[in-house]
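Before any comments, here is the structure.
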Amino acid sequence: MQICYNGWLSMIQYKAKLKEQIRRVLMDKYPLQEAQLEISYTPHAKMGDLALPFPLQLAKKIKKQPRELAAEIVPLLSDLCGVDRIEVAGPGFINLFLNRRDFFLLQVNSLHKPTFQPEEKKTIIEHTNINPNKAAHVGHLRNAVLGDTLGRCLKYKGENVEIQNYIDDTGIQVVDVTFGFMDMEHKTLKDIQMIEEKFDYYCWDLYTRVSSHLEEHPEAQSRKSEILRKIEEGEPPEAKIAEFISRRILKAHLETMKRIDVRYDVLPCESSILGRKFWDEAFSLLKEKGAVYFVDKGINKDCWVMKLDDDEEREKIIVRSDGTVTYVGKDIAYQLWKFGLLQKDFYYEPFTEENGRILWISTAEPKPETASFGDGSLVYNVIDTRQSYLQKIVVQGLRSLGFQDQADKSIHFSYEMVALSPKSLEELGQKISSEDKERNFLEVSGRKGLGVKADDLLDRLEQKAYLEVEKRNQDLPSEQRRLIARQIATGALRYFMLKFTRNSIIVFDFEEALSFEGETGPYLQYSLVRINSIFRKLKERENFTEKDLQTLGIDEDIPLDTLSEQEQEDFWELVIYASQFEEEIQHSVRSLEFSHIAKFAFNLCQKFNAYYHKYQVLAERDKSTKSIRIWTIQFVREVLSNVLCLMGIPQPMRM
RNA sequence: GCGCCCGUAGCUCAGCUGGAUAGAGCGUCUGACUACGAAUCAGAAGGCCGUAGGUUCGAAUCCUGCCGGGCGUACCA
């Protein structure tokens, strides 16, 4: 067997090398397309490590028995680098047994080395986008966690990522709360500023009162229209009050998101889109191209509408009969700006600053300090699936303006809603009608005030985590315990939001969301804490440091065969699984399905915990066995730490 | 009506472009802590993968019909 790999190779690179060799050998003998040359994994380690399914497809093409064909190919592949053994398996797979020592070396050395290359000039992710008129709820948390995780993964890939949180500060929902303060509570701006209680919670309640008030008083519509117009045109006092509300709520939202370690680069505001006349520019473009047209009769009389590509019958209203623009209209302008397709940019000013990192907010007027955003080449909009229709219209808008590429690179990252079980509603003290009781779940409704507030949930998680930490870590100062409780709460919440596929409706259940056992974030954190504990004790007892790790002799010789047969298997199962982490990231990014990463991390921890129970590190007397075990857990530690980082799950040193 | 999505173990969910014996967690039952932390581990029980057809060497996965459920189809977002 020749030695053909040196240094380091991640699994992705390793497979690429294998494919290259296989192609070279088989190219002129079989009609083999590259696409078929996938390398997958075997269901069981006994069957080998990597599997080549291509004989199954090839057999069909050249009319042979799959197993026969595979048997015929096997001898041709006898010289694959790093492969100890190769055999036909099952219906006609070719399975490869890797040289474990060589492979492990390559993997360990490939940590912290780049496998990916950036593909985009700039990737923009828009997420969170909570209406700034009430407190954030669990549904918003799902959005933020998904968007934030996507951002982390793309950055890991090396992409230039810009995170935007769009603020609908001139929309109907802000109008409603403004109406509530002014017309129902008869408060002045000053009165509102004086409110001391948690402002987003105050507005949450106010908003539900406004909603039911408006249902009973349809005549208030005209007053609402007046408020909307005044806000859009910047007329006091309505405009000032609305601005104060939206900014103060926005601050609350940012605080909530900070609790789970979600941050943004820029906050583009709808008010700036109007103020900078982005919409006017977009509107004239749309008119020019005939993408929108004016309706002079019928149900949509006096509106500017857009026709839907796949439904001739339907017209979507873009400009209302009173001349105001719908959200979709402004969204088209916003999307154009994201791709740098408008002639201008916003102005900006710092909104918050933390550790020297400035979060910018858009303005319509020039400010002394400024920055530049937008002009991306790829755009992800993280918005729940109920808005698919509207997202389609936005993309269609780009297309009808002739921006084909940008339309293709506008990606609606859609996900299902978070709903509430009747049980959790009861727990919230909500009255539910008997007909609703029959249903499996109920939609969260901001209007009805039906929902689990994000901060409430996080408070409960922290509280529970604190009690657990207190039980186990009496020696730690309480401040430390608080920090750890927060880390656990964040880990639990973020994992919970990622473990489901985006297509599945999360029927929120307190017991499930508050769990720290089984398939949860804290399980992952606990696994890492255990590994870190071993290293901490190695240091305490043997003065073993990171430096010693480097010189532990992994490069020289790893005498795997000194281990028991069983241990060799257990070692290998852990290692080969851990090596797949970058493939999982790739897979997740391509499919926008982060539950893959979540499951991977969980499975890895399960394998690790089993290994941990079986094999001692500290107490091991045989030096080389101990070294191998140290390197094994070190490898797992690195991989797990990476993966947790991508999911935004904090890594406490103790818990 | 039309469009999109879902139906897998008692419950909550995985199962990638069709592939080797359908997997987890929770719950239930049996075991394992004078500890590299039991927020853990080992084991057991539990499944005509909604239903009927089709495509093929092979279907939980692809196609069609049906049944059951959700969402969307606003001059709300």
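Below, read A as the first sequence line, B as the second, and so on, with proteins coming before strands; counting in each chain starts at 1. Note that the coordinates shown come from a computational prediction; the quantities given were computed from them, not determined experimentally.
The phosphate of B:A39 has OP1 or OP2 within less than 4.0 Å of a side-chain N or O from A:R472. Not one side-chain nitrogen or oxygen of A:Q173 sits closer than 4.0 Å to the OP1 or OP2 atom of B:A77. Contact annotation: A:Q606 side-chain N/O to B:U40 OP1/OP2 distance is not under 4.0 Å. Applying the 4.0 Å criterion to OP1 and OP2 of B:C41, one finds that A:Y523 has a side-chain N or O inside that range.
Between B:C57 and B:G72, the distance separating the two P atoms is 44 Å to the nearest Å. Across the P atoms, B:A60 and B:U73 are found 36 Å apart, a figure rounded to whole Å. When the C1' atom is used for both B:U61 and B:G50, the distance is 16 Å, rounded to whole Å. Using atom P as the reference point in both B:A38 and B:A44, the two lie 23 Å apart (nearest Å). Between B:U12 and B:U28, the two C1' atoms lie 16 Å apart (nearest whole Å). Nucleotides B:U40 and B:C4 are separated by 43 Å at their C1' atoms, to the nearest Å. For the P atom pair drawn from B:A22 and B:A45, the interatomic distance equals 15 Å after rounding to whole Å. A distance of about 14 Å separates the C1' atoms of B:C29 and B:G10, rounded to the whole Å.
Under the salt bridge (charged side-chain N to carboxylate O under 4.0 Å, His left out) criterion, the residue pairs touching residues 611-623 of chain A are A:D570-A:K614, A:E620-A:R629, with sequence neighbours excluded.
Across all strands, A:K301 comes closer than 4.0 Å to base atoms (heavy-atom distances). When heavy atoms are screened at a 4.0 angstrom cut-off, A:D168 is found touching the sugar-phosphate backbone but no base atom. Using a 4.0 Å heavy-atom criterion, one finds that A:Y612 contacts the bases of the nucleic acid, with or without backbone contacts as well. Contact annotation for A:R654: base contact, defined as any heavy-atom pair under 4.0 Å involving a base atom. Within 4.0 Å (heavy atoms only), A:I531 reaches no atom of the nucleic acid at all. A:V469 comes within contact range of at least one nucleobase, with a heavy-atom separation under 4.0 Å. Within 4.0 Å (heavy atoms only), A:I506 reaches no atom of the nucleic acid at all. Base engagement by A:I317 is indicated by at least one non-hydrogen atom pair under 4.0 Å involving a base atom. Among the protein residues, A:I633 comes within range of no part of the nucleic acid, since none of its heavy atoms lies under 4.0 Å from any strand. Across all strands shown, A:V529 has heavy atoms under 4.0 Å from base atoms, whether or not it also approaches the sugar-phosphate. Within 4.0 Å of A:F516, counting heavy atoms only, lies at least one base atom of the nucleic acid. When heavy atoms are screened at a 4.0 angstrom cut-off, A:R536 is found touching no nucleic acid atom at all.
Nearest to the side-chain atoms of A:Q616 among the listed nucleotides B:G70, B:A77, B:C36 stands B:C36. Closest contact between the side chain of A:S533 and the listed nucleotides B:U40, B:C36, B:A77 involves B:C36.
For A:Y495 and A:Q525, the side-chain atoms include no donor-acceptor pair closer than 3.5 Å. At a cut-off of 3.5 Å, with distance as the only test, a side-chain donor of A:N381 or A:Q335 sits close to an acceptor on the other residue. The closest side-chain donor-acceptor pair between A:D331 and A:Y166, if any, does not fall under 3.5 angstrom. Side chains of A:T501 and A:N503: no donor on one and acceptor on the other come within 3.5 Å. A:S533 and A:R536 form a side-chain donor-acceptor contact under 3.5 Å, judged by distance and modelled atom types alone. A donor-acceptor contact closer than 3.5 angstrom links the side chains of A:R637 and A:Q634.
The stretch residues 441-450 of chain A comes close to RNA chain B through A:F441, A:E443, each having a heavy atom under 4.0 Å from the strand.
Between A:H213 and A:F179, the distance from one ring center to the other falls under 6.0 angstrom.
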Dot-bracket encoding of pairs in RNA chain B, which uses [ ] for pseudoknotted crossings and | for another strand, Watson-Crick or G-U under 3.5 angstrom
(((((((..((((.....[...)))).(((((.......))))).....(((((..]....))))))))))))....

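Note: CD1 (A:I172) to P (B:A77) measures 6 Å, nearest angstrom. Here the P atom of nucleotide B:U12 and the CZ atom of A:F602 are 18 Å apart, to the nearest Å.
In this structure, A:S515 and A:K392 both approach RNA chain B, and ranking their closest nucleotides by distance from the 5' end singles out A:K392. Projected onto RNA chain B by closest heavy-atom contact, A:E511 and A:A619 fall at different nucleotides, the more 5' of which corresponds to A:E511.
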Set out, in order, the CA-CA distance, both residues' side-chain angles and the distance that settles salt bridge (charged side-chain N to carboxylate O under 4.0 Å, His left out) for A:E426 and A:K423, then state yes or no.
CA-CA 5 Å; A:E426 256 173 293; A:K423 193 177 133 208; over 6 Å; no

What do the steps show when you test A:V418 against A:H137 for side chain to side chain contact (heavy atoms under 4.5 Å, CB included), and what is the final call?
CA-CA 9 Å; A:V418 180; A:H137 57 65; over 6 Å; no

Return a single string for nucleotides 14-23 of chain B, one symbol per nucleotide in 5' to 3' order, where B is base contact, S is sugar-phosphate-only contact and - is none, cutoff 4.0 angstrom on heavy atoms.
SSB--BBB--

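Heavy-atom neighbours of A:E511 CD from other residues, nucleotides or ligands within 6.0 Å: at or below the threshold of 12. Crowding of A:K392 atom NZ: a count of heavy atoms from other residues, nucleotides or ligands under 6.0 Å not exceeding 12.
A donor and an acceptor atom never sit less than 3.5 Å apart when one is taken from the side chain of A:R386 and the other from the base of B:A77. Contact annotation: side chain of A:S321 to base of B:C75, donor-acceptor pair present below 3.5 Å.
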Side-chain polar contacts of residues 600-608 of chain A - donor-acceptor pairs under 3.5 angstrom, sequence neighbours left out - could you list them?
| from | atom 1 | to | atom 2 | distance (Å) |
| --- | --- | --- | --- | --- |
| A:N603 | ND2 | A:Y577 | OH | 3.2 |
| A:N603 | ND2 | A:K599 | O | 3.2 |
| A:K607 | NZ | A:E573 | OE2 | 3.0 |

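In this structure, the salt bridge (Lys or Arg N to Asp or Glu O under 4.0 Å) partners of A:E583, at least two apart in sequence or on a different chain, are A:K15.
Taking the six-membered ring for Trp and thresholds of 30 and 60 degrees, A:F510 and A:F508 have ring planes more than 60 degrees apart, a perpendicular arrangement.
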